[in-house]
Amino acid sequence: MERETWQNHGAPSGTRHAGEWKMKVRTRFAPSPTGHVHIGNMRAAIYNWLFARHHGGEFLLRVEDTDRERSTPEAIRTLLEAMDWLGLGFDGEALYQSTRMEAHLAAAETLLEKGLAYKEDKGGTGQGECVVFRMPGKDVSFDDGIKGTLSKAAANMQDFVIVRSNGTPVFHLANVLDDIEQEVTHVIRGDDHVENTFRHIALYEALGAEVPKFAHLPMIVNAQGKPYSKRDGDAFVGDFREKGFLPEALFNYLALLGWSPGDDREVMAREELVEVFTLERCQSSPAQVDLRKLTWMNGEYMQKLPAVEFEAICFHALGKEGIDPEPEYAQRVFALVRDRVKTVADIAPMVGFFFSGDFSYDEKAVEKKLRKEGVRGILQQVKALFEALPAFDEADIDRTLHGFVEQAGLGFGAVMPPVRIAVSGQQSGPDLAPLLSVLGRRQVLERIDRTIGAYLQD
RNA sequence: GACCCCUUCGUCUAGUGGCCUAGGACUCCAGGUUUUCAUCCUGGCAACACGGGUUCGAACCCCGUAGGGGUCGCCA
């Protein structure tokens with residue numbers, strides 16, 4: 001295990017606290033359920049999870065559902081599903097913040113009694129008095145696990161509301177109190193919370209609680225280098241799932257977005273990530289999502305999938321298209337596209353023609369490769385050769401095609417593409433001979449005929 | 001505007017004063033895999049934001065400048 005490099009807030013550097021060595025690391029993910037789980041938040045969850053696992057500690061979930069407007073059961077379900085999908089299991093029971101209101105209010109009462117907070121009618125939107133926390137009037141600084149020492153002068157910090165005039169606790173109070181309740185030792189969250197941290201530290205101290213360690217992750221930005229907005233649309237975990245990304249791949253990619261192991265490893269198993277993950281190796285500048293790299297990484301994971309799992313995914317993908325293929329045939333088809341599929345979403349379009357003659361032709365391919373002089377004759381000759389074949393297996397087809405190319409004095413480029421398009425409508429796909437063999441002679445002949453009829457009549 | 005923070009190839013990053021004529025990955029380009037597309041392999045293009053210091057020596061330390069971001073709610 002690595003050396004603990006974090007200092008306790010306010011502790012003289014170099015000292016070791018009694019019992020520190022055996023203090024159990026506890027991190028948490030504390031999202032407010034809004035129905036969409038943003039990848040920025042998900043990455044924070046991943047880092048919390050990784051950090052806890054790395055230290056043999058616990059990873060907790062707290063649902064900050066005090067905003068009754070947005071926190072619907074449906075939204076909570078979406079959140080839980082996203083975590084489950086990514087394999088982010090949490091320890092113990094989830095804590096729902098809405099159940100903690102009494103404790104929050106009681107704490108505010110105590111602060112009031114101690115003179116650490118006061119009541120005030122601030123006017124404006126609210127009606128009546130709210131409870132305001134009194135900042136202690138001293139500079140605050142802390143050692144951020146990622147950003148290093150951060151400090152703020154007393155003059156730049158104002159008192160803030162902890163209980164609304166309608167009697168409900170505000171985020172700062174609830175968040176800090178719940179972290180105390182859950183005995184969170186390390187708060188790893190987004191950059192957008194650094195300003196809050198100064199206030200939170202003051203709250204911890206006023207509450208007489210030990211201040212946890214903080215670490216602030218830089219933001220994730222869109223392809224334009226700007227913060228994600230609703231407009232970008234594609235930054236919710238559910239979107240990535242729909243686009244056909246594997247959870248393990250997304251997990252790996254997100255882990256690498258703002259962190260690196262320090263060597264050249266990139267495709268890393270989860271256990272491997274757990275083993276080497278440290279906050280010290282986190283980047284302190286924003287990271288931009290690159291869908292192409294994610295896609296590449298996803299392809300790596302697709303290829304590593306055990307055959308049965310890959311097949312299950314394929315069956316599922318086809319099922320969603322309303323295709324319920326005969327298993328044995330389907331397995332032979334899937335094997336053909338095994339190492340060319342990058343995402344789950346690639347599957348159905350790539351193999352659809354195997355299961356239905358009612359496929360569409362790629363217009364560009366038709367124009368470029370099919371509607372050309374001599375193609376009709378080539379297809380007819382190839383068809384005749386196929387008809388005459390004793391068996392329609394891969395080796396025979398391959399031999400036939402090669403023989404024909406040679407005998408006709410043509411290039412492969414003049415023969416293979418037209419045949420491929422004739423039977424699949426596409427200009428790319430699995431190797432041609434195995435493709436034809438799996439498709440079967442009857443279909444191949446039929447499709448060649450049909451293609452000639454549709455596109456190559458004089 | 002105030003306060004905090006950030007700045008290495010297009011992107012993710014390695015790099016903590018000499019090993020850096022800056023390494024890897026994605027993308028892109030070229031060639032190869034007995035001449036289809038893709039995969040795969042090999043090679044290539046491509047960066048220390050700028051200006052000053054400090055030092056024998058700076059991507060690495062200091063100071064400025066520029067650009068970018070976060071926060072400034074009785075939201076979370």
Side-chain angles (χ1 to χ4, degrees), chain A residues 30-34 41 64-67 69-71 97 120-132 144 146-148 150-153 155-158 160-172 174-175 189-199 216 218-219 221 223 225-227 253 256-267 281 283-297 299-300 303 337-342 346 350 362 365 369 401-402 405 411-421 424 426-433 435:
Chain A
S32 54
T34 62
N41 290 126
E64 303 208 329
D65 58 345
T66 50
D67 183 341
E69 292 294 299
R70 294 186 293 172
S71 302
Q97 191 160 70
E120 186 185 327
D121 185 343
K122 302 191 87 171
T125 31
Q127 60 289 98
E129 293 189 315
C130 50
V131 180
V132 181
D144 189 279
I146 293 171
K147 296 166 125 31
L150 264 23
S151 46
K152 191 122 179 144
N156 293 319
M157 295 182 285
Q158 287 84 44
F160 57 96
V161 175
I162 52 176
V163 178
R164 282 178 273 262
S165 52
N166 70 3
T168 59
V170 170
F171 162 74
H172 304 293
N175 185 269
R189 61 199 342 184
D191 227 352
D192 50 338
H193 282 295
V194 315
E195 298 293 328
N196 290 335
T197 303
F198 298 105
R199 307 198 251 198
H216 292 92
M219 308 271 88
V221 296
K226 297 286 178 189
Y253 179 76
L256 247 33
L257 198 61
W259 173 87
S260 84
D263 50 40
D264 291 338
R265 279 179 291 177
E266 292 205 303
V267 179
R281 297 213 54 86
Q283 210 72 14
S284 57
S285 53
Q288 192 168 318
V289 172
D290 183 358
L291 253 11
R292 291 174 304 191
K293 184 151 185 175
L294 206 210
T295 302
W296 163 78
M297 185 166 277
E300 297 291 304
Q303 293 190 22
V337 296
R338 185 78 171 88
D339 55 7
R340 46 201 312 132
V341 162
K342 289 259 187 259
D346 289 343
M350 206 175 277
D362 174 351
K369 308 278 186 179
L401 251 15
H402 280 254
V405 165
F412 282 87
V415 179
M416 314 288 243
V419 174
R420 175 187 296 285
I421 295 164
S424 73
Q426 301 172 1
Q427 61 179 328
S428 71
D431 285 337
L432 191 54
L435 181 160

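Labels below follow one simple rule: chain letters A, B, ... track the order of the sequence lines, proteins then strands, and each chain is numbered from 1.
- Pairing partner, U55(B): none, since no Watson-Crick or wobble contact has both distances short of 3.5 Å.
- Between the side chains of R420(A) and S424(A), not a single donor N or O lies within less than 3.5 Å of an accepting N or O.
- Look at U71(B): its Watson-Crick or wobble partner, with both distances under 3.5 angstrom, is A2(B).
- Backbone-only contact: L256(A) has heavy atoms under 4.0 Å from sugar-phosphate atoms and none from a base.
- Rounded to whole Å, the separation between the C1' atoms of A47(B) and U13(B) comes to 12 Å.
- Where P31(A) and K152(A) meet RNA chain B, the nucleotide closest to each residue was compared, and K152(A) sits on the side nearer the 5' end.
- If you check every strand for non-hydrogen atoms under 4.0 Å, E64(A) touches sugar and phosphate atoms only.
- Side chain S284(A) to base C6(B): no donor-acceptor pair is found below 3.5 Å.
- Distances shown here put a side-chain N or O of R164(A) below 4.0 Å from the OP1 or OP2 atom of A76(B).
- When both distances must be under 3.5 Å, the Watson-Crick or G-U wobble mate of A49(B) is U65(B).
- Using a 4.0 Å heavy-atom criterion, one finds that R338(A) contacts no nucleic acid atom at all.
- Taking atom NZ of residue K293(A) and atom C1' of nucleotide G24(B), one finds them 8 Å apart after rounding to whole Å.
- Rounded to a whole angstrom, the distance from the P atom of U8(B) to that of C37(B) is 39 Å.
- Taking atom P on both nucleotides, A59(B) is separated from G53(B) by 15 Å, rounded to a whole Å.
- Checking G31(B) for Watson-Crick or G-U wobble geometry (two distances, each under 3.5 Å) identifies C41(B) as its partner.
- A sub-4.0 Å separation between OP1 or OP2 of G70(B) and a side-chain N or O of R189(A) is absent.
- The P atoms of G32(B) and G68(B) are separated by 46 Å, rounded to the nearest whole Å.
- As rounded to the nearest Å, A22(B) and A58(B) have C1' atoms that lie 13 Å from one another.
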For this session: Test H216(A) against H193(A) for side-chain contact (heavy atoms from CB on, under 4.5 Å), laying out the working first.
Result: CA-CA 7 Å; H216(A) 292 92; H193(A) 282 295; 3.9 Å; yes
